[in-house]
> 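This structure is in structure tokens; I'll ask about it shortly.
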Amino acid sequence: QKEVEQNSGPLSVPEGAIASLNCTYSDRGSQSFFWYRQYSGKSPELIMFIYSNGDKEDGRFTAQLNKASQYVSLLIRDSQPSDSATYLCAVTNFGNEKLTFGTGTRLTIIP
Amino acid sequence: DTGVSQDPRHKITKRGQNVTFRCDPISEHNRLYWYRQTLGQGPEFLTYFQNEAQLEKSRLLSDRFSAERPKGSFSTLEIQRTEQGDSAMYLCASSLLASNTGELFFGEGSRLTVL
């Protein structure tokens with residue numbers, strides 16, 4: 001079992017719709033959860049982080065964490081073509097320790 | 001530019017040759033990480049430093065790989081006797097230990113092609 005699993009996609013969503021990206025993790029000791037966005041040929045950049053159960057909103061992005069189910073998700077509202085990228089879920093056991101990444105979900109927003 | 005910089009950006013080498021990559025982190029960041037990423041995969045952890053101390057090495061890091069951060073500033077990753085399976089993007093990232101976000105700041109990567 002991989003430590004961090006994501007549905008690899010590709011995921012296609014019409015412009016203006018909600019994109020939903022999912023991630024599960026195996027280590028119950030995981031404490032910090034991150035979503036990174038990676039455009040093709042570029043390096044990952046942080047979108048959001050979440051530590052506590054529940055929802056965290058930042059603009060069009062909402063991260064959801066359920067530690068009991070070992071599940072974290074990212075919702076992108078009002079999807080834009082510029083959101084087309086690979087989204088990487090990452091977890092860590094302690095603040096600022098190594099991040100363990102999933103394989104990423106490739107998202108395409110269709111105009 | 002005060003971001004993470006990596007050099008070279010691209011390296012093509014023949015199997016069996018040695019290669020070295022350099023990473024200059026954000027100046028005040030005390031943690032430095034090396035990851036490897038192949039097409040269609042997420043970054044895989046290789047090793048990380050806190051200041052000059054190498055705190056963890058992945059099992060992925062065979063004896064042919066060595067990383068250093070001699071003065072707690074820049075870091076080098078050397079691959080000896082390269083193999084075709086070493087072809088990948090090598091990403092360096094840095095972070096601040098005291099950060100409350102745990103965010104890693106990535107460089108643009110060094111792409112290695114082994115022929």
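Here is the naming used below: chain letters follow the sequence lines, and residue numbers restart at 1 for every chain.
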> Which answer fits Gln50(B), side chain, backbone, both or neither, if we ask what part of it has an atom under 4.5 Å from a heavy atom of chain A?
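Looking at Gln50(B), nothing touches chain A.
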
> May I ask you to decide if Lys14(B)'s main-chain N or O and Thr82(B)'s side chain share a donor-acceptor pair within less than 3.5 Å?
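Yes, because the side chain of Thr82(B) sits within donor-acceptor range (under 3.5 Å) of the backbone of Lys14(B).
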
> Assess, by modelled atom type and distance only, whether the side chains of Gln38(A) and Thr86(A) contain a donor and an acceptor separated by less than 3.5 Å.
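There is no such pair (donor and acceptor under 3.5 Å, judged by atom type) between the side chains of Gln38(A) and Thr86(A).
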
> Report which part of Gln6(A) has an atom under 4.5 Å of a heavy atom belonging to chain B: side chain, backbone, both, or neither.
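Nothing of Gln6(A), per the 4.5 Å heavy-atom cut-off to chain B.
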
> Which atoms of Leu99(A) come close to chain B, meaning under 4.5 Å heavy atom to heavy atom: side chain ones, backbone ones, both, or neither?
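When you check distances to chain B, atoms from both the backbone and side chain of Leu99(A) fall under 4.5 Å.
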
> Ignoring hydrogens and angles, tell me if any N or O in the side chain of Glu3(A) forms a donor-acceptor pair with the backbone of Thr100(A) under 3.5 Å.
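No; judged by distance alone, with no hydrogens or angles, the pair does not exist.
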
> Check whether Val19(B) and Phe65(B) end up in the same hydrophobic cluster, where Ile, Leu, Val, Met, Phe, Trp and Tyr are linked by side-chain heavy atoms less than 4.5 Å apart.
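Yes, Val19(B) and Phe65(B) fall within the same hydrophobic cluster.
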
> Go through the side-chain N and O atoms of Arg28(A) and Gln70(A) and say whether any donor and acceptor fall under 3.5 Å apart.
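There is such a pair between these side chains.
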
> Heavy-atom cut-off 4.5 Å, strictly under: side chain, backbone, both or neither for Gln37(B) against chain A?
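The side chain, not the backbone.
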
> Given a strict heavy-atom distance threshold of 4.5 Å, which part of Phe105(B) is in contact with chain A: side chain, backbone, both, or neither?
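Phe105(B) has no heavy atom closer than 4.5 Å to chain A.
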
